[in-house]
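Below is one structure, written out as structure tokens; comments come after it.
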Amino acid sequence: MPLGLRHKKKDKSKETFKLVESEAAAPAPAAAPAPSASAARLQFHTQLAHGSPTGRVEGFGSARELYARIAAAFGIHPAQIMFCTLNTHKVDMDKLLGAQIGLEDFIFAHVKGQRKEVEILKTDDMLGLTITDNGTGCAFIKRIKEGSIMDQTKTVCVGDHIETINGKNVSECRHYEVAKMLKDLEKGRKFKLELVEPLKAFEKLEPRSKGRTLSEAKISKGRETLRLRAKGPATVEEMPTEVEEKAIKKVDEFLETYMGIRDIELAATIVEAGRDKKNPDEFAVALDEALGDFAFPDEFVFDVWGAIGDAKQGRLE
């Protein structure tokens with residue numbers, strides 16, 4: 001079964017955007033290929049999660065381009081952005097920005113803060129970590145299983161970026177690569193992690209912004225979203241149907257089971273690849289064409305195909 005293309009393209013952009021309050025920003029160099037006309041006209045309001053004026057970003061078609069726009073708006077390097085949450089400044093993995101942004105969503109960017117180091121004895125095959133990433137080379141911890149080795153290591157927290165494993169820099173690795181490295185660590189031996197936690201807000205930082213409030217910053221109505229894509233321009237689409245949402249949720253669970261990662265964007269792309277396919281073989285070919293870098297096991301493909309079918313038949317809760 002043909003699975004796992006090895007040539008994943010990464011969109012880049014260096015355009016800059018201005019702060020709402022301060023109109024000072026660097027001149028914009030030549031832009032990368034633009035999103036679709038309707039997507040390019042959209043503006044989203046954004047803040048740094050630890051506190052900042054309100055900025056606005058537009059004209060992006062991928063997570064990489066979005067991070068570049070946010071970084072330019074606040075005068076920081078894109079690599080400083082760990083992840084974004086929607087409509088909350090808290091480190092809330094349920095509000096993590098994924099493949100889709102509601103047209104009314106307010107984007108909070110979490111940037112790198114304090115570095116920390118921890119040494120852990122691997123006493124079990126499973127560490128209890130679920131890894132995800134921001135799509136631009138920053139893998140971080142999305143979930144820690146209760147009662148696991150990592151749950152007992154209080155230095156390690158949800159939202160922490162894994163920078164090195166036993167001295168090896170993994171900052172440019174995708175989530176599934178980091179998850180495999182952690183899984184392959186020898187049981188009964190100690191290993192060392194260097195982590196970076198999100199920058200925390202000062203407790204007395206009030207107000208968070210002198211710009212418009214969240215309710216005032218809403219720019220659209222309805223169930224439309226901006227769909228970000230690793231390949232091709234962003235598009236304005238309707239929110240996923242209830243059937244698609246259930247299928248995406250189930251596929252995300254399979255990603256955690258089989259690969260130790262969570263990635264709603266990847267799950268949505270997989271479900272999209274299965275749309276209108278008649279059998280698992282067609283689905284496998286579609287996955288191969290749509291996704292690079294991922295060598296999905298056959299069992300995963302069949303389980304996902306079954307979940308998509310169950311969702312269509314109303315058998316998923």
Side-chain angles (χ1 to χ4, degrees), residues 1-8 93-94 96 98-100 122-135 139-151 162 165 170 173-187 229-231 240-317:
M1 184 176 296
L3 294 173
L5 293 177
R6 300 297 178 191
H7 307 288
K8 187 168 185 177
M93 294 295 115
D94 290 330
L96 200 62
Q100 294 177 317
K122 188 176 183 181
T123 57
D124 197 315
D125 290 328
M126 303 301 293
L127 292 174
L129 289 183
T130 298
I131 309 299
T132 190
D133 67 28
N134 64 8
F140 58 92
I141 298 168
K142 185 171 185 180
R143 180 180 298 174
I144 300 176
K145 185 177 180 181
E146 188 175 354
S148 65
I149 298 171
M150 289 304 193
D151 188 40
I162 300 176
I165 301 174
V170 296
C173 295
R174 291 300 311 272
H175 47 23
Y176 64 93
E177 296 173 310
V178 174
K180 187 177 187 305
M181 290 180 203
L182 292 171
K183 182 179 179 181
D184 290 345
L185 290 170
E186 187 177 346
K187 183 178 175 180
R229 300 179 184 277
K231 298 179 181 179
T241 65
E242 184 177 354
V243 168
E244 289 173 329
E245 285 181 344
K246 289 181 177 180
I248 290 168
K249 181 180 178 182
K250 191 65 177 178
V251 172
D252 196 34
E253 291 173 1
F254 283 142
L255 285 171
E256 182 173 27
T257 300
Y258 282 95
M259 303 178 70
I261 64 175
R262 283 273 183 163
D263 191 329
I264 285 292
E265 178 181 359
L266 178 58
T269 303
I270 291 171
V271 170
E272 188 177 81
R275 192 176 294 160
D276 302 326
K277 299 301 178 291
K278 298 177 182 178
N279 55 60
D281 289 333
E282 287 187 8
F283 176 49
V285 171
L287 280 183
D288 205 29
E289 293 174 348
L291 297 169
D293 300 336
F294 298 95
F296 297 117
D298 291 352
E299 296 85 355
F300 172 83
V301 175
F302 283 111
D303 280 350
V304 168
W305 176 253
I308 293 173
D310 287 344
K312 291 178 179 177
Q313 297 299 320
R315 292 192 292 266
L316 284 184
E317 293 298 329

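What you see below is based on every heavy atom in this structure, not just the backbone, and it leaves out hydrogens, waters and symmetry mates. Along the sequence shown, residues are numbered consecutively beginning with 1.
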Classify the side-chain pair Tyr258/Asp303 by whether it contains a donor and acceptor separated by less than 3.5 Å. yes
Test item: [X] side-chain N/O and [Y] main-chain N/O as donor-acceptor pair under 3.5 Å:
| X | Y | value |
| --- | --- | --- |
| Gln313 | Gly309 | no |
| Lys122 | Leu185 | yes |
| Asp310 | Arg315 | no |
| Asp252 | Asp263 | yes |

Are side-chain heavy atoms of [X] and [Y] found at a separation under 4.5 Å?
| X | Y | result |
| --- | --- | --- |
| Leu182 | Ile131 | yes |
| Ile165 | Val178 | yes |
| Phe140 | Leu96 | yes |

Would one find more than 12 heavy atoms of other residues, nucleotides or ligands at under 6.0 Å from atom NZ of Lys180? no
Counting heavy atoms not belonging to Asp276, are there more than 12 under 6.0 Å from its CG? no
Does the distance from a Lys or Arg side-chain N to an Asp or Glu carboxylate O, for [X] and [Y], drop under 4.0 Å?
| X | Y | answer |
| --- | --- | --- |
| Arg262 | Glu253 | no |
| Lys142 | Glu256 | no |
| Lys249 | Glu245 | no |

Looking at every non-hydrogen atom in both residues, tell me the closest pair between [X] and [Y] and how far apart they are.
| X | Y | result |
| --- | --- | --- |
| Val271 | Ile308 | CA-CD1, 4.1 Å |
| Val301 | Ala284 | CG1-CB, 4.3 Å |
| Leu287 | Ala273 | CD2-CB, 4.0 Å |
| Ala139 | Cys173 | CB-O, 4.2 Å |
| His175 | Thr132 | CB-C, 3.6 Å |

Just how far is it from atom [atom1] of [X] to atom [atom2] of [Y], taken to the nearest 0.5 Å?
| X | Y | atom1 | atom2 | answer |
| --- | --- | --- | --- | --- |
| Arg174 | Ile261 | CZ | CD1 | 7.5 Å |
| Thr130 | Ile144 | OG1 | CD1 | 9.5 Å |
| Met126 | Lys187 | CE | NZ | 11.5 Å |
| Leu127 | Asp151 | CG | CG | 12.5 Å |
| Leu255 | Phe300 | CG | CZ | 4.0 Å |
| Thr241 | Lys312 | OG1 | NZ | 10.5 Å |

Run the side-chain contact (heavy atoms from CB on, under 4.5 Å) test on Val170 and Glu177 for me, step by step, so that the C-alpha distance in whole Å, both residues' side-chain angles and the decisive distance to 0.1 Å come before the verdict. CA-CA 9 Å; Val170 296; Glu177 296 173 310; over 6 Å; no
Please list, chain by chain and in numerical order, all residues satisfying ring-ring contact (aromatic ring centres under 6.0 Å, His included) with Phe283, sequence neighbours excluded. Trp305
Assess whether side-chain contact (heavy atoms from CB on, under 4.5 Å) is satisfied between Phe296 and Met259, documenting all intermediate values. CA-CA 9 Å; Phe296 297 117; Met259 303 178 70; 3.8 Å; yes
